[in-house]
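This structure is a prediction, so every number in the text was calculated from the model and none was measured. Within every chain, numbering begins at 1; the chains are lettered A, B, ... in the order of the sequence lines, protein sequences first and strands thereafter.
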Protein chains: 2
Amino acid sequence: MTDEASFLAEYDPRDYPAVAVTVDVVALTIRDGKLCVLLVERGEQPFAGHRALPGGFVRDEPLDEAALRELAEETGLHPGEGPLERVHLEQLRTYGDPGRDPRMRVVSVAYLAFAPHLPEPTAGSDAARAFWIPVEDAKDLAFDHDQILAEGLDRARDKLEYTPLATAFVDREFTVSELRAVYTAVWGEELHAGNFHRKVLSVPGFVESTGETAARGGERGGPRAKLYRAGDATLLHPALLRPTREDRIR
Amino acid sequence: MTDEASFLAEYDPRDYPAVAVTVDVVALTIRDGKLCVLLVERGEQPFAGHRALPGGFVRDEPLDEAALRELAEETGLHPGEGPLERVHLEQLRTYGDPGRDPRMRVVSVAYLAFAPHLPEPTAGSDAARAFWIPVEDAKDLAFDHDQILAEGLDRARDKLEYTPLATAFVDREFTVSELRAVYTAVWGEELHAGNFHRKVLSVPGFVESTGETAARGGERGGPRAKLYRAGDATLLHPALLRPTREDRIR
DNA sequence: AAAATAGTGTCTGTGAGACACTATGAC
DNA sequence: GTCATAGTGTCTCACAGACACTATTTT
């Protein structure tokens with residue numbers, strides 16, 4: 001029934017209230033070893049004073065482009081260049097229950113963005129109202145954004161297991177320890193350093209050696225680590241399974 | 001920028017052409033050992049005479065409900081009762097590129113539906129134009145529905161690995177062989193009967209025994225198989241990995 | 001009787017995780 | 001020197017997949 005005739009035949013304005021389409025972005029990065037999400041402070045009703053995910057109305061553009069544009073606007077960066085060049089963007093889910101926005105029917109396409117350490121949005125710019133905050137402190141968000149964030153985090157944690165997503169959180173060249181810190185931050189669990197090391201190097205295409213060595217050892221001592229780049233794998237096989245939690249199963 | 005003030009301040013009709021929101025459903029079932037998808041024949045332009053996924057405009061209802069309603073309308077069944085009672089519905093992805101529908105901006109929320117053997121839509125009813133067709137014969141669909149179907153199939157094949165989704169394709173009570181037939185049909189690969197049997201029974205919560213035995217043996221002979229119900233697991237652990245295909249990794 | 005299937009036993013290779021250990025470098 | 005870290009070695013257990021085999025049922 002996507003055809004025009006049946007659309008017109010069955011059209012009833014009460015059935016089809018004006019619908020707005022927006023994108024909302026769950027942008028994640030790691031700062032000081034903590035997984036952080038980008039939020040904005042709402043100035044207007046409803047939910048004035050509450051925090052919310054960055055987002056906005058879709059223009060005459062693809063949905064992915066709208067998400068990247070919103071992320072750029074809120075961070076004060078330019079899409080596709082500089083720090084935003086390496087951002088990984090993927091669609092999360094679409095939220096469209098009537099009543100999720102008290103003003104009108106809003107269908108929101110949620111996106112998940114992963115970025116290596118973006119700069120703090122600068123005061124004075126358009127992006128002044130945006131800020132990074134540890135995900136465990138991001139509560140009581142506007143609209144249904146608590147739920148969107150929760151589902152985004154679930155997705156991120158899952159994808160670390162079977163995709164090389166973790167490399168999107170580190171610099172182009174990184175050590176195995178830095179990669180492990182990503183897993184630790186996102187999963188919230190310590191991983192055995194030795195086993196993690198062997199595992200990462202054994203998965204084909206996950207990382208490739210640069211031949212270089214880090215300029216210095218760890219902050220609190222230790223030998224200088226070898227540097228790696230992301231490999232060409234799109235799926236990790238065998239996967240890097242997180243410690244099994246019985247409660248995830250049922 | 002989901003607030004009303006900034007919406008009005010920045011509003012420009014050229015930026016926000018009328019947007020329609022639809023749902024499209026990739027409904028999968030297994031008929032005669034083949035994975036089949038529900039399609040409709042389009043009568044109107046554009047794509048008149050082409051086949052398309054069932055779908056339609058979203059009314060004043062949650063998105064999930066719209067998907068179930070469309071599925072019910074096209075199959076001539078009643079949502080939530082009878083054969084549609086056990087349908088598994090989940091959101092797939094949202095497609096909204098400008099130009100994907102030549103008439104206007106249409107943002108379509110695609111759903112994936114899994115059902116045990118639904119009846120053929122009856123001729124004479126509203127659903128007469130809908131039909132089941134093996135997925136390998138579903139080509140040249142209208143709009144971007146080829147892509148939506150392809151992504152739906154990918155998702156279905158993935159979810160068989162780590163969720164008990166396969167049980168949504170069989171009757172409430174089933175044999176291990178019937179379950180294996182689902183995997184064979186969806187993955188398009190033969191599985192070793194003995195190993196599959198042991199594996200299924202070893203995954204906690206995947207299936208539970210009814211204590212009963214099938215009324216008769218296989219069509220071409222063999223002992224009568226024990227009957228099982230779906231268990232309470234939502235994730236299979238360890239997962240039932242499909243034979244590794246090197247090309248899936250890169 | 002013949003053929004197909006249900007279900008089990010067994011062996012092997014791989015990989016995850018626990019633990020131990022060496023070497024290196026920051027402080 | 002002290003301590004934390006990088007990276008490797010080794011052992012054990014779980015599991016996937018190959019193969020073999022028995023028992024049971026249909027044609």
Side-chain angles (χ1 to χ4, degrees), chain A residues 33 160-162 170 173-184 187 189-207 209-228 233 235-246 249, chain B residues 33 160-162 170 173-184 187 189-204 206-207 209-228 235-246 249:
Chain A
L160 279 203
E161 288 192 297
Y162 55 91
V170 292
E173 298 199 346
F174 53 87
T175 67
V176 174
S177 287
E178 288 166 351
L179 199 61
R180 179 162 49 84
V182 172
Y183 279 88
T184 305
W187 284 349
E189 309 192 55
E190 289 304 318
L191 297 173
H192 182 101
N195 290 338
F196 180 86
H197 192 99
R198 177 184 20 239
K199 172 71 185 174
V200 165
L201 297 189
S202 75
V203 176
F206 190 5
V207 300
S209 175
T210 66
E212 306 288 304
T213 298
R216 48 157 293 162
E219 291 188 24
R220 292 182 288 269
R224 295 183 300 161
K226 294 177 187 160
L227 290 173
Y228 298 87
L235 286 175
L236 303 185
H237 187 84
L240 251 148
L241 298 178
R242 78 184 108 163
T244 309
R245 308 232 344 228
E246 201 57 42
I249 294 180
Chain B
L160 280 203
E161 288 193 297
Y162 55 92
V170 292
E173 298 198 347
F174 53 87
T175 67
V176 174
S177 288
E178 288 166 351
L179 199 62
R180 179 162 48 83
V182 172
Y183 280 87
T184 304
W187 285 349
E189 308 192 55
E190 289 303 317
L191 297 174
H192 182 101
N195 289 337
F196 181 85
H197 192 100
R198 179 186 13 241
K199 173 70 183 174
V200 165
L201 297 189
S202 77
V203 175
F206 191 5
V207 300
S209 175
T210 65
E212 306 288 304
T213 299
R216 46 156 296 161
E219 290 187 22
R220 292 181 289 267
R224 296 184 298 164
K226 294 177 186 159
L227 290 172
Y228 297 88
L235 286 175
L236 303 184
H237 188 85
L240 250 148
L241 298 178
R242 78 184 109 164
T244 309
R245 306 234 345 226
E246 200 56 43
I249 296 180

Which residue lies more 5' along DNA chain C, comparing A:Ala215 with A:Asn195 via nearest heavy atoms:
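On the 5' side of the pair lies A:Asn195.
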
Can you work out whether A:Gly221 or B:Glu219 has the more 5'-proximal nearest nucleotide on DNA chain D?
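Closest to the 5' end, via its nearest nucleotide, is A:Gly221.
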
Given DNA chain D, 5'-ward residue of the pair B:Gly217 and B:Lys199, judged by closest heavy atom:
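Between the two, 5'-proximity favours B:Lys199.
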
Please report the distance, rounded to the nearest Å, between [atom1] in [X] and [atom2] in [N].
| X | N | atom1 | atom2 | value |
| --- | --- | --- | --- | --- |
| B:Glu189 | D:dG17 | CD | P | 11 Å |
| A:Arg216 | D:dA4 | CZ | P | 16 Å |
| A:Leu240 | C:dG17 | CG | C1' | 13 Å |
| B:Arg224 | D:dT22 | CZ | P | 23 Å |
| B:Leu241 | C:dG15 | CG | C1' | 12 Å |
| A:His197 | C:dC19 | NE2 | C1' | 17 Å |
| A:Tyr183 | C:dG17 | OH | C1' | 17 Å |
| B:Phe196 | D:dC19 | CZ | C1' | 19 Å |

Tell me which nucleotide among [options] gets nearest to the side chain of [X].
| X | options | result |
| --- | --- | --- |
| B:Lys226 | D:dT8, D:dA16, C:dG7 | C:dG7 |
| B:Pro238 | D:dT5, D:dA16, D:dT25 | D:dA16 |
| B:Ser177 | D:dG7, D:dA6, C:dT5 | C:dT5 |

Sub-4.5 Å side-chain heavy-atom contact between [X] and [Y]:
| X | Y | answer |
| --- | --- | --- |
| B:His197 | B:Ser177 | no |
| B:Phe174 | B:Val182 | no |
| B:His237 | B:Val203 | no |

Hey, does the side chain of [X] come within less than 4.0 Å of [N]'s phosphate (OP1/OP2), counting only N and O?
| X | N | value |
| --- | --- | --- |
| B:Arg180 | C:dA6 | yes |
| B:Arg220 | C:dT5 | yes |
| B:His192 | D:dC19 | no |

What's A:Ala214 touching, base or sugar-phosphate or nothing? Going by heavy atoms closer than 4.0 Å.
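The residue A:Ala214 makes no contact with any strand.
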
Reckon B:Arg198 touches a base, only the sugar-phosphate, or nothing at all at heavy-atom distances under 4.0 Å?
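Answer is base: heavy atoms of B:Arg198 come under 4.0 Å of a base.
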
I'd like to know whether CD of A:Glu173 has more than 12 heavy-atom contacts from other residues, nucleotides or ligands below 6.0 angstrom.
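Buried by this count: over 12 neighbours within 6.0 Å.
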
For the pair A:Tyr162 (side chain) and A:Leu240 (backbone), establish whether a donor and an acceptor sit closer than 3.5 Å, ignoring hydrogens and angles.
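No.
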
